[in-house]
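Read the structure below first, then the notes.
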Amino acid sequence: MSYSFVGFIISCIVIAITPGMTVSLIIANTLKGGLIPGLITVLGGVIAILSMLIILIIGFDVVINSFSFMFFYIQLLGGLYLLYVGAQTIIKRHQSIENYTKMSGRNYFTQGFALMWSNPKTLIFLGAFIPPFINVDGNITNQLILYGLTFAFIAWISDSLYAIFISFMNIVLSNYRSKLNVLSGISITCIGLWLLVTIFIH
């Protein structure tokens, strides 16, 4: 294992454990529905990262220059979708965990996937973060795949641990179900608003 790869792993861990919008959504969905919805949200985000890595491998500069206009609409739809989810969570705040858990997993998966793709900075970040660790004398494609999968794996582990911890706290605070649902809904709504504000100030 090269020193470069070790340094990359350490950097990934530091980045993964730093709370951001994705972690906020995972926490909100775990508070709302329990561990399974939280983990499904994590999966949606990880799949989004993997799809971004495919783009990096195909050709980051080409894709960004050709489809940059689409990012506005991706962000807009993502922000509006999360606003809707947040509002529904507050309105249905008296629902039990059992009712939330019975919801289609596609809902939570879509939220995680949409949030990750609604922030094009994630794609740009991956495009700037991974290349410095690449050895230009080696097979660049294989290295991109290795580093990309490593980043996605560490993000998956870190986000899953957040979901597990919040799920435990959720059980402890089960007597405050309605208030936790309101907090969850407000959090998701704030994430949606942040996305919408971001696209209009840039």
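Summarising the geometry, atom CD1 belonging to Ile47 is positioned 8.0 Å from atom CZ belonging to Phe113; distances are rounded to the nearest 0.5 Å. Taking CD1 of Ile145 as the reference point, atom CG of Asn139 lies at 8.0 Å (rounded to 0.5 Å). Note that the CD1 atom of Ile49 and the CZ atom of Phe151 stand 5.0 Å from one another [nearest 0.5 Å]. For the atom pair CG of Leu149 and CD1 of Ile154, the computed distance is 11.5 Å after rounding to the nearest 0.5 Å.
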(message) Applying side-chain contact (heavy atoms from CB on, under 4.5 Å) to Leu43 and Leu39, what does each step give before you reach the verdict?
(response) CA-CA 6 Å; Leu43 180 61; Leu39 292 178; over 6 Å; no
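Side-chain contact check for Phe165 versus Leu161: every heavy-atom pair is 4.5 Å or farther apart. Annotation: side chain of Leu146 is not in contact with side chain of Asn142 (no heavy-atom distance under 4.5 Å). In this structure, Ser51 and Trp117 have side chains that are in contact, with non-hydrogen atoms separated by less than 4.5 Å. Residues Phe168 and Leu35 form no side-chain contact, since every pair of their non-hydrogen atoms from C-beta on lies 4.5 Å or further apart. Put simply, the side chain of Leu53 reaches to within 4.5 Å of the side chain of Leu56, judged on heavy atoms.
Residues Ala163 and Gly38 approach most closely at CB-C, 4.2 Å, considering heavy atoms. Looking at every heavy atom in both residues, Ala16 comes nearest to Tyr162 through O-CE1, 4.3 Å. Of all the heavy atoms in Met116 and Met52, the pair that sits closest is O-CE, 3.3 Å. In terms of heavy atoms, Ile40 sits closest to Phe109 at CG2-N, 3.4 Å.
Each of Ile27, Val46, Ile26, Leu25 was evaluated against Asp159; a single residue qualifies, Ile26, per the side-chain contact (heavy atoms from CB on, under 4.5 Å) test.
Every ring pair (Phe, Tyr, Trp, His ring centres under 6.0 Å) that Phe153 has, sequence neighbours left out, goes to Trp156.
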